[in-house]
Amino acid sequence: FFFQADHGIRDSVASRGLGDVYKRQQGDVMKNIFKLICILTLFYSNIVYADIKFWTTEVQPARMAKQEEMAKSFEAKTGIKVEVIPIEEKDLGTRATAAAASGNLPDVIYHTLQYVLPWAEAGILDVDANNDVVKALGKKTFAPGALNMAKSGSKIAAVPVDGWTQMVVYRKDLFEKAGLDAPTNYANITKAIKALSGDNMYGFVAATKTDENFMSQVLEHVLLANGVNLVKKGGTKKQGKALKNSLEFYKVLAKASPPGELYWKQSRALYFAGRTPMIIWSPFIMDELAGLRDSAPPTFNVDPTSNELAQKTGFITNFSGPNNKKGAAWADIRYFGITADADTDEAKKFIMYSMDEGYASTLSIAPEGKFPVRRGNSSDPNAFTKAWSKLPVGVDRKAPLTDLYSADVINNIVAGLDTASRWGVKEGELSRASKIINAQFLNRITREYIDDEISVDEAVNKINAELAKF
């Protein structure tokens with residue numbers, strides 16, 4: 001405690017004591033600053049920064065764990081550390097746009113088909129880098145459909161990773177017994193409906209619930225098979241004979257179905273009960289058919305864990321209509337995209353690893369929904385198809401696909417990716433096509449025709465009137 005006079009410190013002893021206090025305080029501050037610097041240096045020296053950042057929409061814990069494991073295997077091989085960052089699929093578009101604006105995109109993004117061409121045009125994807133990877137892996141080793149849907153000019157804008165195709169699921173035992181050809185086209189399906197309907201058996205179970213995305217998906221598949229495309233570059237296409245033929249065929253499917261509002265739930269239940277010989281479904285039914293999922297057991301026989309129904313089932317991914325003899329397959333393809341902000345060389349190495357040495361691990365994240373879009377390599381053109389077929393599928397029980405289905409069935413499933421298609425992809429109008437599908441007028445007008453409220457010509461006219469709005 002001291003007093004200060006108007007012209008200085010009154011007590012010289014006190015003055016000397018105060019100087020000592022200042023010196024001690026200054027010394028303590030310097031010591032603390034030095035300690036803090038040491039602590040921070042130690043802290044930052046122990047932080048290991050990722051060399052590349054990888055955004056993935058496979059966010060479920062089990063799938064994240066597999067991707068983390070793959071990243072560690074890649075790091076052990078190359079010394080390149082990968083940070084795996086989960087991004088919800090619904091948030092991917094806005095997150096990528098924001099990151100691009102701030103120059104902070106990750107190095108690699110695992111993304112859906114809908115973003116390939118828009119992101120290429122917006123400069124989010126490094127098209128040259130992605131095209132380089134496809135060329136290095138070998139274009140001929142990829143399913144043509146998966147490459148075609150990612151084509152930007154003469155280049156492939158993103159690297160196809162995996163995909164799945166919608167399928168006509170059918171009772172091959174009943175087809176063989178009745179001497180029927182496989183349901184590979186409109187005519188064969190129509191003939192099978194006539195032959196197999198009756199005796200507590202519905203000839204088909206179509207999707208008729210108009211506010212369900214399932215109906216939109218099935219309807220697009222049926223129309224694609226007959227060459228119907230609703231969009232063109234910069235607008236929509238006026239529809240005519242091909243659409244008319246497709247609607248007439250869809251009515252055949254619906255009239256062979258039970259009454260009511262039908263979607264995926266009823267079609268699966270009736271097929272599992274042995275009450276229909278044909279449905280259209282996704283490959284996620286494959287493990288359920290074999291009795292590997294307790295929440296959706298086959299009721300075909302008394303044993304819900306039996307794989308008998310799987311053994312009697314065939315799958316057609318590509319089927320055709322009278323206006324499109326080559327047919328088409330409705331597909332959902334996923335891609336790796338090297339971004340404009342990437343460490344390009346390291347990002348390329350990561351994708352090359354994930355699509356070659358580590359490709360079986362990539363597919364193992366969810367084998368029943370991840371068909372190999374890259375079939376093999378220079379050593380074996382079918383190496384990855386073989387590896388995929390041996391991966392375990394199922395939820396409550398596990399078994400490889402080769403234990404459940406024949407080689408012919410597995411090859412037919414994978415072959416659908418060769419002719420994989422979607423409205424608007426080739427034209428760069430996937431966004432416009434999505435808006436048309438989401439408006440659901442196609443579902444509603446088709447249902448009016450199915451229910452005999454309007455004629456097929458009226459249905460085509462109404463659809464054209466709606467298309468003109470887009």
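For this chain, numbers begin at 1 and follow the sequence in order. Since the structure is predicted, the reported quantities are computational estimates derived from the model, not experimental observations.
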Donor-acceptor pair, distance only, cut-off 3.5 Å: does the side chain of [X] make one with the backbone of [Y]?
X      : Y      : value
Tyr359 : Trp388 : no
Gln67  : Arg63  : yes
Asn226 : Asn323 : yes
Ser257 : Phe204 : yes

Give a yes-or-no answer on whether the side chains of [X] and [Y] include a donor-acceptor pair shorter than 3.5 Å.
X      : Y      : value
Asp408 : Ser406 : no
Tyr271 : Thr313 : yes
Tyr110 : Asp162 : yes
Gln166 : Ser282 : no

Check your understanding: Is the cationic atom of Arg95 (NZ for Lys, CZ for Arg) positioned less than 6.0 Å from the six-membered ring centroid of Trp55 and within 45 degrees of its normal?
Key -> yes
Exercise for review: Using the six-membered ring of Tyr449, assess whether NZ or CZ of Lys251 lies under 6.0 Å from its centre and within 45 degrees of the ring axis.
Suggested key: yes
Between [X] and [Y], is the gap from one ring center to the other below 6.0 Å?
X      : Y      : value
Trp423 : Trp330 : no
Tyr405 : Phe315 : yes
Phe272 : Phe300 : no

Point to revise | Partner of Phe142 by side chain to side chain contact (heavy atoms under 4.5 Å, CB included), out of Leu417, Leu147, Asp418, Ile156 | key: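 Single side chain to side chain contact (heavy atoms under 4.5 Å, CB included) partner of Phe142 among Leu417, Leu147, Asp418, Ile156: Leu147.
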Point to revise | The single option from Ile193, Val169, Leu174 passing side chain to side chain contact (heavy atoms under 4.5 Å, CB included) against Met278 | key: Ile193
Exercise for review: I would like to know whether His111 and Phe336 meet ring pair (Phe, Tyr, Trp, His ring centres under 6.0 Å); could you show each step before the answer?
Suggested key: CA-CA 6 Å; His111 58 88; Phe336 282 141; 8.8 Å; no
